[in-house]
Participant: 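Pasting a structure here, questions to come.
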Amino acid sequence: MKKFPTLLALSSLANIAIAQDSQQIDPKLTEVWQPVPAVVSTDPVPSDAIVLFDGTNLDNWNGHEGPAKWIVENGTMTVATKTTGIATKEKFCDMQLHVEWRSPPKIAGKSGQQVGNSGIFIQGRYEIQVLDSYENVTYSNGQAGSVYKQSIPLVNATKPTGEWNTYDIIYKAPTFADSGEVESKAYVTVLHNGVLIQNNTEIQGSTTYRGKASYKKPHGCAPISLQNHGDKVSYRNIWARKL
Ligand code: MG
């Protein structure tokens with residue numbers, strides 16, 4: 001009786017043939033030599049970054065009404081009472097943003113949204129919350145690293161009160177159709193002290209305290225704004241790379 005190869009044996013033979021074929025492909029065919037990535041040095045900040053605050057002055061910032069009036073001392077800038085938030089003079093769309101922030105000492109009787117509240121408003125609209133979320137309970141979509149009132153951070157990586165935190169933010173700006181409708185929403189990835197807390201999160205619209213966020217009006221590149229929520233939050237070492 002004649003023996004026929006089984007299906008399994010046939011597929012093994014096919015795999016061997018493919019493997020032998022790929023052995024014969026010149027590896028050079030899949031090498032790409034152009035373009036060559038630009039060389040970027042990284043000490044103390046990436047050489048292609050725009051330094052927004054180097055610890056010495058507020059030259060790159062405006063106040064929301066007039067000049068920026070936060071307090072600059074010891075390489076940091078701190079929210080000042082009786083003044084507004086501040087915003088970069090430079091406008092940004094897609095970007096990588098590095099920010100370091102520190103909460104002031106806790107005040108007896110204050111908790112939740114009342115401790116170390118500030119925020120980074122990307123394009124002046126979309127808030128990545130800054131809050132002293134170290135042993136401080138509040139609504140989860142309002143704690144440090146939330147896209148405020150929209151997206152809960154994956155974990156709480158907040159350092160103890162008074163220690164410096166870092167945010168590394170990768171941001172994709174929204175685009176708008178000629179009709180004014182949002183075409184593609186904004187997306188944000190955030191690392192808090194090196195820990196991923198927002199993973200390509202879709203932003204639902206401009207941050208709003210009441211009600212649901214939405215994209216009300218089309219907009220272009222815009223300043224990065226830091227919130228004055230009345231708490232003496234400090235910032236240092238702020239830089240951004242346009243993407
Ligand atoms: Mg805030």
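Atoms within a ligand are numbered from 1 in the order they appear, just like the ligands themselves.
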Participant: Answer yes if the side chains of T175 and S184 hold a donor-acceptor pair under 3.5 Å, and no otherwise.
Facilitator: yes
Participant: Has K159 got its NZ or CZ under 6.0 Å from the middle of the six-membered ring of Y134, at an angle within 45 degrees of the ring axis?
Facilitator: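 Judged by the rule (NZ or CZ under 6.0 Å from the ring centre, within 45° of its axis), K159 is not positioned above Y134.
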Participant: Can you list everything that forms a side-chain hydrogen bond (donor to acceptor under 3.5 Å, both in side chains) with N199? Sequence neighbours excluded, please.
Facilitator: none
Participant: Please check if the side chain of K149 supplies one atom and the backbone of Y209 the other of a donor-acceptor pair under 3.5 Å.
Facilitator: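 Answer holds: yes.
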Participant: Going by chain and residue number, what protein N/O/S atoms come nearer than 2.8 Å to the Mg ion (ligand 1)?
Facilitator: N117 OD1, S118 O, E127 OE2, Q129 OE1, Q227 OE1
Participant: Examine distances only and state if a side-chain atom of N74 and a backbone atom of T76 form a donor-acceptor pair shorter than 3.5 Å.
Facilitator: no
Participant: Can a donor-acceptor pair be found, under 3.5 Å and without considering hydrogens, that links the side chain of N136 to the backbone of G112?
Facilitator: yes
